[in-house]
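Computed from a predicted structure; not experimentally measured.
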Amino acid sequence: MRAVHPFDDDKLHEECGVFGIAGHADAAAHTALGLHALQHRGQQSAGIVSSDGEQFYSLRGPGQVSETFGNEEAIDRLQGAIAIGHNRYSTTGAPVARNIQPLFADFAFGGVAVAHNGNLTNALSIRRRLAGMGALFQSTTDTEVIIHLIARSRKGKLADRLVEALGEIEGAYSLVAISRSKLFGVRDPHGVRPLVLGQLGKSWILTSETCALDIIGAGYVRDVEPGEMVVVDGGRIESHFPFDPIRPRPCIFELIYFARPDSAVFCRSVYEARMEIGRELAREAPAPADVVVPVPDSGVPAGLGYAQQADLPFSLGIIRNHYVGRTFIEPTQQIRHLGVRLKHNANTAVLAGKRVVLVDDSIVRGTTSTKIVEMVRNAGAAEVHMRISSPPTTHSCFYGIDTPHRDTLLAARFDLERMRREIGVDSLAFVSLDGLYRALGETGGRGRAPAFCDACFTGDYPIDLLDRRDGSAAGRMSLLDELA
């Protein structure tokens with residue numbers, strides 16, 4: 001039996017990462033490397049579509065990037081100087097082959113491949129309308145809705161067809177697409193998901209994070225702006241703003257947890273942002289302690305910031321085993337309980353007899369936090385004080401993050417004192433919403449127009465949840481919920 005590791009099961013998950021390159025003889029190989037750098041954004045499947053100017057080549061498979069693109073033969077099958085790639089983490093249900101992106105379609109005007117990161121909040125409504133008009137869907141992804149809308153457009157150029165299609169869509173998306181010779185990148189008007197532009201010699205790259213540029217030696221040029229469409233054609237790059245301008249609301253959780261700490265997203269260093277959040281957390285919620293211990297790996301930068309601000313020693317009191325995959329065998333409940341130690345283990349030499357501040361990025365269901373605290377206490381910690389570098393997660397996300405149903409979120413069920421007792425710590429504190437915005441140097445918090453999407457903390461959803469509002473879909477609004 002294959003199951004999600006319990007430490008992974010109690011984390012929020014990004015749905016996908018995208019990468020595109022135009023004008024490079026080794027386009028597919030560079031795309032595979034880019035997807036390796038973006039592996040944290042999705043581990044359930046990976047795919048690449050390339051073009052040599054005459055025809056398209058596609059290779060997609062389940063699992064991590066190395067499972068499909070880990071040999072030279074696979075890359076050799078993907079010919080051409082233009083390619084896009086995609087890592088996927090599905091929102092619910094087992095991933096199936098027909099849902100692996102990029103999706104490809106042959107139109108009367110030529111072939112097009114599309115991949116996107118995010119979630120379309122009216123995709124189910126559009127899908128039902130199109131199906132009623134005779135459209136035949138081959139997958140259960142919201143990305144396929146974009147394909148069908150492109151097909152039905154009466155515009156002449158692909159760029160115009162894409163704009164018209166996206167004009168019917170509500171939701172969060174960072175999208176890459178290719179025709180036989182052009183690369184397209186589009187970011188939704190709210191700019192919820194990241195998309196950056198890079199350059200390698202005469203080649204142009206579009207990708208979710210700058211770490212994917214670093215791995216191939218490319219330089220960062222700039223962020224794709226919210227509501228912008230970038231078109232790369234024969235070495236030339238064009239920029240268009242086809243949508244009505246809207247106040248940007250990029251996802252604040254990209255800076256707290258999702259993006260790699262060595263990336264820059266939304267024009268800022270992720271590592272420095274997390275360090276500053278940790279410093280603000282220490283100012284707001286000091287603890288009587290001897291040592292600061294991060295929950296690896298996501299709690300490390302905030303833990304460092306906390307320790308610096310609090311003038312406390314920083315130690316790796318929990319060691320992560322990086323050679324454990326996302327799944328493992330669990331034939332009995334006893335083995336499942338022991339299985340949590342496959343991924344994390346307490347460092348007794350650091351913890352024994354100490355008053356410990358545990359720093360983590362979030363609490364979702366609380367099951368992971370409970371196990372971590374138990375592990376630290378069993379290693380001899382005298383006191384355990386937990387500090388969280390995000391406000392309490394009280395609402396589900398509908399913009400491209402796999403969030404548990406709100407009824408299972410610990411902070412939606414209990415107040416702070418009850419959460420403290422459930423987790424088993426001596427004290428518990430979260431960075432405040434005002435403090436989070438202060439740390440990021442932006443406006444937001446109580447009584448101020450937010451610079452980010454913070455709906456998971458506030459319930460303030462900047463993009464209309466159309467499928468949910470009109471009753472077309474219940475609960476999480478994923479197409480997979482209804483169709484899987």
Whether [X] side chain and [Y] backbone form a donor-acceptor pair below 3.5 Å:
| X | Y | value |
| --- | --- | --- |
| Ser389 | Gly278 | no |
| Ser51 | Arg180 | yes |
| Ser174 | Pro194 | yes |
| Ser58 | Val49 | no |
| Arg187 | Glu228 | no |
| Glu67 | Gln64 | yes |
| Gln199 | Val221 | no |
| Gln101 | His116 | yes |
| Asn87 | Gly17 | no |
| His405 | Asp407 | yes |

Centroid-centroid distance, Phe104 to Tyr57, less than 6.0 Å: no
Check whether any side-chain heavy atom of [X] sits under 4.5 Å from a side-chain heavy atom of [Y], and report yes or no.
| X | Y | value |
| --- | --- | --- |
| Arg88 | Ile100 | no |
| Val18 | Leu175 | no |
| His395 | Arg406 | yes |
| Arg60 | Ser45 | no |
| Ile205 | Ile216 | yes |
| Leu409 | Thr394 | no |
| Arg222 | Ser239 | yes |
| Arg193 | Tyr173 | no |

Side chain to side chain donor-acceptor pair (under 3.5 Å) partners of residues 149-160, not counting sequence neighbours, each pair once: Ser153-Glu164
When you compare the side chains of [X] and [Y], does any donor N or O come within less than 3.5 Å of an acceptor on the partner?
| X | Y | answer |
| --- | --- | --- |
| Asn99 | Thr140 | yes |
| Tyr220 | Asp223 | yes |
| Ser208 | Asn117 | no |

Taking all heavy atoms of [X] and all of [Y], pick out the closest pair and write down the distance.
| X | Y | answer |
| --- | --- | --- |
| Ala259 | Glu209 | CA-OE2, 3.3 Å |
| Phe56 | Val112 | CZ-N, 4.3 Å |
| Ala123 | Val145 | O-CG2, 3.7 Å |
| Ser362 | Phe253 | CB-CZ, 3.8 Å |
| Val192 | Phe266 | O-CZ, 3.6 Å |
| Asp460 | Pro450 | OD2-CG, 3.9 Å |

Test side chain to side chain contact (heavy atoms under 4.5 Å, CB included) applied to Arg161 and Phe109, step by step: CA-CA 11 Å; Arg161 285 174 174 262; Phe109 57 85; 3.4 Å; yes
Side chains of residues 230-237: which donor-acceptor pairs under 3.5 Å do they make with residues two or more places apart or in other chains?
from: Asp233; atom 1: OD2; to: Arg236; atom 2: NH2; distance (Å): 3.4

With sequence neighbours excluded, residues passing ring-ring contact (aromatic ring centres under 6.0 Å, His included) with His148: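 Applying ring-ring contact (aromatic ring centres under 6.0 Å, His included) to His148 gives Phe137.
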Positive for side chain to side chain contact (heavy atoms under 4.5 Å, CB included) with Phe184, one of Leu206, Val176, Leu158: Leu158
Val295, Ile363, Val431, Val359 screened by side chain to side chain contact (heavy atoms under 4.5 Å, CB included) with Ile388, the one that passes: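 Exactly one candidate clears the test, Ile363.
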Asp244 atom CG, over 12 foreign heavy atoms within 6.0 Å: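 For Asp244, atom CG is not crowded (no more than 12 foreign heavy atoms under 6.0 Å).
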Carboxylate-amine/guanidinium proximity below 4.0 Å for Glu168 and Arg129: yes
Chi angles and distances behind the side chain to side chain contact (heavy atoms under 4.5 Å, CB included) call for Leu120, Ile126: CA-CA 10 Å; Leu120 310 182; Ile126 295 175; over 6 Å; no
Passing candidate, salt bridge (Lys or Arg N to Asp or Glu O under 4.0 Å) with Glu254, options Arg260, Arg274, Arg41: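 Between Glu254 and the candidates, salt bridge (Lys or Arg N to Asp or Glu O under 4.0 Å) is satisfied uniquely by Arg41.
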Atom pair [atom1] ([X]) and [atom2] ([Y]), whose distance is rounded to the nearest 0.5 Å:
| X | Y | atom1 | atom2 | value |
| --- | --- | --- | --- | --- |
| Asp52 | Leu78 | CG | CG | 11.0 Å |
| Leu33 | Ile75 | CG | CD1 | 8.0 Å |
| Thr210 | Ile215 | OG1 | CD1 | 12.0 Å |
| Ile146 | Asp142 | CD1 | CG | 7.0 Å |
| Ile84 | Ile21 | CD1 | CD1 | 13.0 Å |
| Ile252 | Ser390 | CD1 | OG | 9.5 Å |

Derivation and outcome, side chain to side chain contact (heavy atoms under 4.5 Å, CB included), residues His190 and Arg249: CA-CA 5 Å; His190 285 90; Arg249 296 283 297 277; 4.2 Å; yes
Trace of the side chain to side chain contact (heavy atoms under 4.5 Å, CB included) decision for Thr207 with Val196: CA-CA 5 Å; Thr207 187; Val196 299; 3.6 Å; yes
